[in-house]
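Data first, discussion second: the structure below is written as C-alpha cells.
All chains are named by letter (A, B, ...) in the order of the sequence lines, taking the proteins before the strands, and each is independently numbered beginning at 1. As the structure is a prediction and not an experimental result, all values here were calculated from the model. Keep in mind that the numbers below use all heavy atoms, side chains included, and drop hydrogens, waters and symmetry copies.
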Amino acid sequence: MRGFVAVLRREVFERRLLGLLALALGLIAALLPLVPGIRPGGVTLADLQGGLALGMALLLTAILAVFLGSSMIAGDLAERRLGFYFSRPLPGWAIWAGKMAAALVLIFGGAILVLAPAVLVGGNLNLEGIWGVGNVISVTGGSLIAAWATFLLLVLTAVHAVSVIVRARSPWALLDLAALAVVAGLVWGTLRRMKLEGILPRLTFPAWMDRPGIGAWMELGLLAAILLALVLAGALQVVRGRTDLRRAHRVLSQGLWGMLLAAVLLFVGFTAWVLAVGPGDLLGFSGVAAAPGSRWLAFDGPAARRPGYNPSFLYDLDSGRVVHARFGLLPSFKAFDRIGTPTVGFSADGRRAVWLEYDGVTFDSPVTAFRMDLDRPGSQPVRTPISFRYAPSGFALSPDGRRIVSLDDGRLVAAARYESTSVSPRLVFAGPDRLRIYEIQSADANPFLRVGAPSTIFELDLTASAPHPLKTGEIPPMAGGIRDWSLSPAGDRLLARSVDALGLCDARTGMPLAVLGSGHARGTFLRDGRIAVMEAVRGRYEHELRIFPPDGHSEPRRFPFANVLGATVADQPAPGVLRVVTSRPGAPRELWQVDLEPGTIRRMGTLRLASLDLPQVARSRVDLKDVDGVVWYEPWSSRTRVVLKGPAAPAVAPPR
Amino acid sequence: MTPIALEGLTVRYGQRLALDQVSLTVPEGSVYALLGRNGAGKSSLVRCLLGEQKPSAGRALLLGRDVWRERAAILSEVGVVPEEPDAPPAMTARQLSRFCSRLYPRWDAAGVAARLQRFGVPAETPFGKLSKGQKGQVLMALALAAAPRLLVLDDPTLGLDAVARKAVFEELIGDLADRGTTVFITTHDLAGVERIADRVGILREGRLVLDEEMEALKARFRRVSFPRSREAAVGRLAPLAPVAVASRGWEVDAVVSRYAEEHLPAEDGPEVSALTLEEIFIALTGGMEVIE
C-alpha cells in the first residue's frame, strides 16, 4: 500500500500543472460571461457560466483521459522509464494501480477545478433543455456523473491498451486486429439479435435507468466485463510484462482478448438462453388471437426471468408446434388495440397467417411482411417481397389471405394517396375488393381529449383503376375519445366504448344505432349478429349479461350474475351458447355456461386463471395463462387443460 | 546466503538466443564484473537479474530468492544503477531521494546529499536537465542510500568522461570498504573495473565463456611472442591452450590461457608478458585471428 501511495503521489505531483490549467479554464468559464456583449440574448448569466464550465469540464476530462491513457504507462514503457519503478521495491500492481489512480485523480480533480469557480459565483449546472434532464448533480441520483465517469475510465484503459499495442510495433498487432474483429463481430451480431427481438430498447437516458429490462442489464454487464477486462489486462501487462514493451504487449493482448472473448462468449450464450424462450415461459399475454377455423393461436407476452422481453409466437394446439415470429414488436398496432390483438392477420379460412417484422434494429427500420401456411405440416415462415420503408400505421389482410393493404407514409400502397388524420388508422376489408379505413379518435392516442372529435370512415374500391378513398361517414364525438371498439363479424356494425357509454354504430356510415350500456359495459358480437353486453349493476355486488338483437333497439334479455366482482364473456362455443368467466376476491374464477334459448345459467366449475384481458369478440377462442402454464379452455368439452408447461406445472404433453 | 545465483538462465527473442544456459554465483562481499561485447546478452542478463524480464528457462536467485516471483521484496535490499538513466526527468535529485525514502526500510537521505555534494551535482536541478555523468552519479547516490546488501550496476560509466568514471569507481571502492557490499557490475570500462573486481565473467554470444577469480585469471593468461619461427610456435603453443593467435610475417603472437613456465624454458626464446583484463577480454571475445 505504501508503494501504491508513493506512486500515486509522485504521478500526480509530476503533472500538477494540469491542475493549474483546469483552474484557469474554470476561471475563464466563470468570468468570461461577465464581459459585456459576450452573453447571447435570452441566456442568463448563471446559465452561461454553468454551461461553459460544464462544457469545458467535459472536454477537459475527455482530453485528459486520452492523454493520460496514452502516456502514463505506455509512454514510460516506450521511453524505457518504467524501469525506474521496477528497480525499486514496488510491486507491479502498485505501479499499475498507482498510475491509474493518479490518472483518475487528475481527470476528476481537473473537472472539479473547472466547475468550482462557476459554482462559487452562482453558475447553474443545469442540463434541462439540452438533454431533457434536470440538474447535473441531482439527476437520477448522480447516475449521469457515474455514466460519464465510467465512460472516462473506459477511454483511459482502452487508450492505454491501444497505445501499448501501437508502440510495441510487433506482429502481435495483427492478432489484436483479428481478435478485435471477432469480438466486435460477436458483440455486434448479438446486439443486433437482441435488437431485432426487441430486448434492447432504444437507449434513452435516464429513462433507461428507470425501468431497465434484461437487455439493459445485459448491456451493462457486457460493458462492465469490457471495463474489467481492460483494467485487469492492463494490470496483468504491468505485473507480468514489466519493462519489456513487446512482452508487455503480448501479455496485455493475451489477457485482454482472453478475458474479452470469455466475456463475449458468455454474453452470446446468455443471449441464446434469453432468446430460447417458449410459450411456456410466458408470464402472461399482451395479446392473443386465434385463427378462424383452425387451432392456431398467435400471442405474445412477457417472458419469465427475462424482464422487458416480450416474445411472440404462433402456436398450433393440435400438434404443439411453436413458431417464433417477431410480430409483437410493432408498437403502432399495440397502441391501436388496447385489448391486445397481436399484429397478425389471418385469412378468413384460417389457413394463412401474415405478419410484419422489422428488418433492422431501430423503430424506423424497414418492415417486411412474412406469411405462413398454417394448414401445411412443416411449413415455415416465408419472407415476402412486400416491404415498407417504415412500419406502416395501418395493416389489413384480405379475406383470402393473399393481399395486404397498409398505410405507409400517408399513402395507400395500392395506389391512392391518403393522408391519415389519426395516430392509428385501422384498415378493414369490407368485402373482397373493398377496403374500409377507420380514423378512430382513440382515447389512448390522445390522452388529453376531453370533448372528443368525430371519428371518420372511408372506403376504397380496390378494383378501380385509380382508387380514391371516399368518406362514407363519421362516428359522432364521444366524451374522452373512444377507449375501445370492435367490428361485427359481418363488418356491418361496430361497438364503440367511451368513458360514459357503450354505443352501437353502423360500421359504414358511423351513424349511431343504439346506446347499449355505460362506459363500464363490455360488449361483444355473437355469431348470429346479436350483441352480448356485460355490465356491473350500479350499487350492487352483481353483474348483468344483456343480449341485444342485432339492431340494439329492442329490450334485451337479462342474465344476472350475483355476488361477483367481475364477469367476462369468454367464448361462444356454439350458436346460442355463451361461456362466462366470473371472479370474486380471494376465490378462484368460475366458469358459467349460458344457454340463450331456454335462458338458463349453469355453473361449469372453477378456473385458476391469472388476470387476463379477454378478447371482446366472443367467437375467438381463448387460451389462458396460469401459474401452471398455458391453459387452454376447450369450449366444446368445457374442460381446461395445461397445454404448455409453466414454471410450476407438471409435464403435460400438448394435446393432439 | 549467496547474493546472486543464476541457474541455467536462458533468454530467447523469437528464434534468437540471447542467453544460453548461463549459470554463475557471486559470493557475498565480492565484486563480480560481467564483461561482454555489445549484444553479448549482458542487458538481458541484468534484466533477468532484477526481475524485470522472465527468462525463457532457468532462474535467477537474488539473496537466495527467485527474483521473478519475489522481486519487490528482494529489491528492498538491492541498489540498482541502470544502463540508461531512467528517473523521471521532471524530478530533482532531492525529490527523487524523498520518493525513494518512502519505499526502502532504511534510507540515508543525508548520505545522498553528501554524495551529491561530493560529486558536485546540484540537488534542485531537474533530472532531465543534468548531464549524463551527473545523472549516473545521482542514481549511484540513490542506489547506495538504502544501504543495500547487493549493488547491481549496469554499465554505470557508459558515456562518462574519465573524471566522472573515476569518481564512480572511487565511490564504489569507498562504499565497499565501509560496508562490504556485494557488487555485480557490467561495464566496458575494463581498466576501471580491473581495480575493484574480485571475479570476472565474460559473455560471448549469450554463453558464459569465462567465470573466474580475477587473480587466477590474470595468472594463467599470458602473451607469448615467437619472433622467428612460425612452425615452432604452433608446436609449442598447444599445451598452453592458446585462445588467440596472430601472425605477422615470421612473427607469431599468442594469448595463452594455461600459462606455465615449465612449458616454455627461457632459453627457448619466446617473449612472455602479463596481460591486462582488457587484453584478455579482447583475446577471448575475438579480437585476434586464430590459426591452427
Checking [X] against chain A: side chain, backbone, both or neither under 4.5 Å from a heavy atom?
| X | result |
| --- | --- |
| B/A87 | both |
| B/E52 | both |
| B/Q95 | side chain |
| B/L96 | side chain |
| B/R102 | both |
| B/R98 | neither |

A/R88 portion near chain B, given a 4.5 angstrom heavy-atom threshold: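 Both backbone and side chain of A/R88 come within 4.5 Å of chain B.
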If only atom types and distance count, is the side chain of [X] paired as donor or acceptor with the main-chain N or O of [Y] below 3.5 Å?
| X | Y | value |
| --- | --- | --- |
| B/Q53 | B/C48 | no |
| A/W172 | A/I165 | no |
| B/S23 | B/G8 | yes |

With rounding to the nearest 0.5 Å, note down the distance linking CH2 in B/W68 to CG in B/L49.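 B/W68 CH2 to B/L49 CG: 13.5 Å, rounded to 0.5 Å.
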Parallel under 30°, tilted from 30 to 60°, perpendicular over 60°: which one fits the rings of A/W93 and A/F4?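 Parallel.
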Check the orientation of B/F99 and A/Y85. Use parallel for under 30°, tilted for 30 to 60°, and perpendicular for over 60°.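 The arrangement is perpendicular - the two ring planes meet at more than 60°.
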Specify which of A/G3, A/G241, A/A94, A/P91 makes the most heavy-atom pairs with chain B at under 4.5 Å.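 Winner by heavy-atom pair count: A/P91.
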Identify which of A/R80, A/R2, A/R246, A/E79 forms the greatest number of heavy-atom pairs closer than 4.5 Å to chain B.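 Result: the option with the highest number of such pairs is A/R2.
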Does the structure place the NZ or CZ of A/R16 under 6.0 Å from the centre of the six-membered ring of A/F13, at an angle of no more than 45° from the ring's axis?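 A/R16 over A/F13 ring: yes.
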If you tally heavy-atom pairs under 4.5 Å against chain A, which of B/L75, B/V78, B/L139 wins?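 Looking at each option in turn, the highest pair count goes to B/L75.
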